[in-house]
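Values reported hereafter were calculated over all heavy atoms of this structure, with side chains retained and with hydrogens, waters and symmetry mates removed. A note on names: the letters A, B, ... follow the listed sequences, proteins ahead of strands, and every chain is numbered from 1.
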Protein chains: 2
Amino acid sequence: MSGENGLRIAIVGLGTVGGGVIRLLETNRALIARRAGRPIRITAISARDKTKDRGVDLSPYEWVDDMSSLAVREDIDAVVELIGGADGPALTLARQCLAAGKPFVTANKAMIAHHGLDLAEGAEKAGVALKYEAAVAGGIPVIKGLREGAAANEISRVYGILNGTCNYILTTMEREGHAFSDVLKDAQDLGYAEADPTFDIDGIDAAHKLSILASLAFGTALDFDKVNVTGIRHVIAADIAEAAALGFRIRLVGMAETGPDGLFQQVHPMLVPANHPLAHVDGSLNAVVAEGNFVGRLFFQGAGAGDGPTASAVVADLIDVARGEYGPAFAMPVESLDRLPKADAGKRTGRVYLRFKVKDRPGVLAEIAAATRDAGVSIESMIQRGETSNGGVLVAIVTHTGELACVNDTLERLSGSDSLLDQPMVMHILD
Amino acid sequence: MSGENGLRIAIVGLGTVGGGVIRLLETNRALIARRAGRPIRITAISARDKTKDRGVDLSPYEWVDDMSSLAVREDIDAVVELIGGADGPALTLARQCLAAGKPFVTANKAMIAHHGLDLAEGAEKAGVALKYEAAVAGGIPVIKGLREGAAANEISRVYGILNGTCNYILTTMEREGHAFSDVLKDAQDLGYAEADPTFDIDGIDAAHKLSILASLAFGTALDFDKVNVTGIRHVIAADIAEAAALGFRIRLVGMAETGPDGLFQQVHPMLVPANHPLAHVDGSLNAVVAEGNFVGRLFFQGAGAGDGPTASAVVADLIDVARGEYGPAFAMPVESLDRLPKADAGKRTGRVYLRFKVKDRPGVLAEIAAATRDAGVSIESMIQRGETSNGGVLVAIVTHTGELACVNDTLERLSGSDSLLDQPMVMHILD
């Protein structure tokens with residue numbers, strides 16, 4: 001299968017992560033060979049633009065313009081895809097490689113979230129590895145942790161902080177009291193957020209990762225379309241201050257659970273109790289919690305992005321491939337994964353934080369209180385505080401545990417009201 | 001290799017963990033079969049006393065009196081050892097099984113710490129699995145995390161909270177301000193500490209686990225005898241209060257590092273900065289940190305003991321065996337593990353907390369200050385506070401970063417002094 005028994009690989013896509021993988025394979029060459037049982041050698045590389053300076057010396061490696069040719073080359077034992085994007089060239093390459101029986105390693109969360117089942121079937125048919133540790137939570141070995149480490153457990157829920165950009169923004173707002181838009185701009189200037197940050201701050205990136213974790217945790221067919229997604233765009237500094245006063249911190253949490261009515265998957269800013277491990281996850285770190293019926297609560301934390309951590313995960317996959325230690329991509333054959341309906345979010349119970357920007361005039365509090373009463377929502381605490389920039393006041397409510405449908409009913413009852421200056425903010429509380 | 005393609009196992013040792021493994025295999029039977037690719041079936045069980053009530057119905061399983069017979073039975077595909085003890089019947093069984101080519105799964109940290117290399121060689125010779133995920137940090141998949149998840153990294157240091165009993169005692173002292181002996185007694189009454197707690201509170205159990213982690217992290221030959229061990233017996237409530245005033249919490253930390261002068265392994269109560277993840281590890285939880293040159297800091301936390309979490313780790317190993325996914329026990333063949341000398345602890349640098357109980361009389365502070373000066377120790381802060389029960393006063397010092405040999409020199413200079421009422425307490429600071 002290989003020259004001098006080494007694993008000969010091709011790397012496609014030479015952005016930050018691609019450069020990181022090359023640097024890692026060069027820097028740690030000797031120890032990787034010891035741990036993998038044989039050397040891992042870069043045979044060929046490919047990317048869109050050959051002339052771009054990537055800060056890595058690429059001259060030792062064969063440049064290939066036609067990446068499709070890699071799928072069928074006999075002197076390549078595995079292909080590493082670091083192009084990104086759910087469809088397009090990454091997906092074409094993945095299909096070509098698996099069809100040709102070539103082991104495939106990727107960091108591409110969007111592609112796995114959208115086409116993972118399909119690709120896993122292809123890998124099964126060909127009897128080769130499809131590995132994607134780097135697709136979720138960067139360097140944290142959480143795919144392995146769920147797929148193998150916690151494999152003996154029935155997992156009741158899996159959740160975590162899956163997007164470093166959002167966590168950087170939220171924890172910076174928390175520390176400095178600044179507005180979302182200011183912190184986002186700083187984050188962009190510092191390189192912690194993309195020029196177009198939509199995928200991150202609107203929760204789509206976290207949703208990709210959550211759908212992958214859910215499949216592994218529950219043995220269910222990956223189903224990205226059933227994730228409820230809300231980003232952090234509408235979290236204001238006052239929310240963070242109110243939450244802190246109540247003993248919570250705000251984090252963008254991806255949460256998946258199964259129940260009698262199906263699979264629940266949600267990415268949503270949540271109020272996390274200050275003594276919960278997720279409350280201590282600062283800056284651009286990621287963290288994942290899995291709760292199993294025998295192991296209890298497992299908590300994994302580390303760098304969720306960046307070239308070094310992502311490369312660490314990619315090469316861990318390559319070491320597994322070199323060792324011959326891999327099985328079905330989603331821990332079991334695709335045909336034996338459960339297909340669950342989407343659970344009705346309204347039927348779930350929990351506590352909720354509600355925040356309204358309202359006109360500063362008599363009767364507004366009574367109006368909100370009446371709406372919650374009529375919708376059957378029981379209030380644990382209600383704070384009216386200060387002035388907002390547009391002359392209104394803020395009303396923050398924490399509900400008692402109840403059906404979430406009642407909260408939606410409350411909002412509907414208030415939706416026609418001219419007392420409201422803005423869309424209300426709804427955040428679930430992690431209990 | 002197996003009846004109806006199932007993995008047929010024998011379980012030896014039916015204490016709390018043995019019972020937990022049986023309950024887990026029964027409760028999660030179907031999902032384990034899906035994840036392992038085939039059923040895992042208990043064929044035979046064995047323990048010292050057949051008559052004891054273990055709260056589990058053992059009647060479905062064949063009872064075997066002569067455990068040695070299991071090593072050579074053709075209808076058994078793997079043996080699970082849950083007897084415990086570094087030597088004696090556990091070791092005999094391990095050797096018999098591996099010599100007979102029988103995959104072997106154990107939760108026995110003492111045996112692995114003392115005989116792991118030997119046993120790993122036996123497993124290599126026979127080409128079978130030797131797995132021990134449950135030996136370190138209970139249900140946390142940290143063996144897999146280091147062996148596979150972080151395999152691409154050069155690990156600079158690995159450290160953590162490896163003994164739940166000690167962490168329960170220290171965090172209870174922290175919360176309630178009680179004395180060590182009182183909290184230990186409560187812990188014994190509640191079942192959090194053994195009747196003979198020596199192995200736990202003197203750090204030996206943590207040292208067993210640390211030596212295993214070090215081998216995996218650094219690719220070095222496991223070397224338990226080179227661990228410096230100090231337990232928590234001499235930590236007093238005032239130490240915890242002083243540490244808190246300085247922004248630290250006290251944890252029993254197992255820490256391993258490699259450097260130009262060799263392998264450093266130490267289990268020692270340490271001052272952990274309040275914003276470090278280990279400072280938030282409460283009660284009987286365990287946690288492990290690994291720092292890699294590409295992945296950065298990885299943090300794993302979970303239940304470090306108990307029948308459920310330990311069983312979770314044992315069965316994760318069995319699932320790997322059923323899948324055929326395992327390699328050398330210490331990630332690489334024993335002969336390729338590095339043999340490093342023991343690093344000189346005195347040559348290391350760091351900050352240190354020193355606490356003296358001294359007579360309440362003029363000149364004592366000057367005497368201590370002179371000793372530190374003459375030993376070349378630079379003082380960052382010095383607090384003299386309150387009265388102790390035996391009429392003396394406490395002096396607590398935090399040094400600047402310096403060579404630890406100088407701290408030892410300070411203590412030697414003071415060792416003859418009749419101003420001291422007790423052995424000084426020395427704790428390193430985690431920076």
Top residue by heavy-atom pair count (under 4.5 Å) with chain B, among A/A287, A/A152, A/G139? A/A152
I need the residue from A/R297, A/R35, A/M332 with the largest number of non-hydrogen atom pairs under 4.5 Å to chain B. A/R35
Indicate the ring-plane relationship of A/F300 and B/F300, choosing parallel, tilted or perpendicular according to the 30° and 60° boundaries.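 Aromatic pair A/F300/B/F300 classed perpendicular.
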Pick one of side chain, backbone, both or neither for [X], based on which atoms fall under 4.5 Å of a heavy atom in chain A.
X: B/D282; value: neither
X: B/P277; value: side chain
X: B/A150; value: backbone
X: B/R34; value: both
X: B/I32; value: side chain

Under 4.5 Å from a heavy atom of chain B, the part of [X] involved:
X: A/N275; value: neither
X: A/I319; value: side chain
X: A/E133; value: neither
X: A/L146; value: neither
X: A/D338; value: both

Closest-packed option against chain A by number of heavy-atom pairs under 4.5 Å, given B/G324, B/G302, B/A331: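 Result: the option with the highest number of such pairs is B/A331.
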Pick from B/L298, B/D320, B/V289, B/V315: which one has the most heavy-atom pairs with chain A under 4.5 Å? B/L298
Is atom OH of A/Y326 surrounded by more than 12 heavy atoms (other residues, nucleotides or ligands) closer than 6.0 Å? yes
Neighbour count above 12 (heavy atom, 6.0 Å) for A/F218 CZ: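 Counting neighbours around CZ of A/F218, more than 12 heavy atoms of other residues, nucleotides or ligands fall under 6.0 Å, so yes.
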Minimum-distance pair of heavy atoms, taken over all atoms of [X] and [Y]:
X: A/N28; Y: B/N293; answer: OD1-ND2, 2.9 Å
X: A/N153; Y: B/L31; answer: O-CD1, 3.6 Å
X: A/A316; Y: B/G149; answer: CB-O, 3.6 Å

Between A/R323 and B/E325 (side chain of the first, backbone of the second, donor and acceptor by atom type, cut-off under 3.5 Å), is there such a pair?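 Here the side-chain-to-backbone pair does not exist.
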Counting C-beta onward and ignoring hydrogens, is there a side-chain heavy-atom pair between B/P141 and A/V295 closer than 4.5 Å? no
Could you walk me through whether A/F294 and B/T27 pass the side chain to side chain contact (heavy atoms under 4.5 Å, CB included) check? CA-CA 10 Å; A/F294 276 76; B/T27 308; 3.9 Å; yes
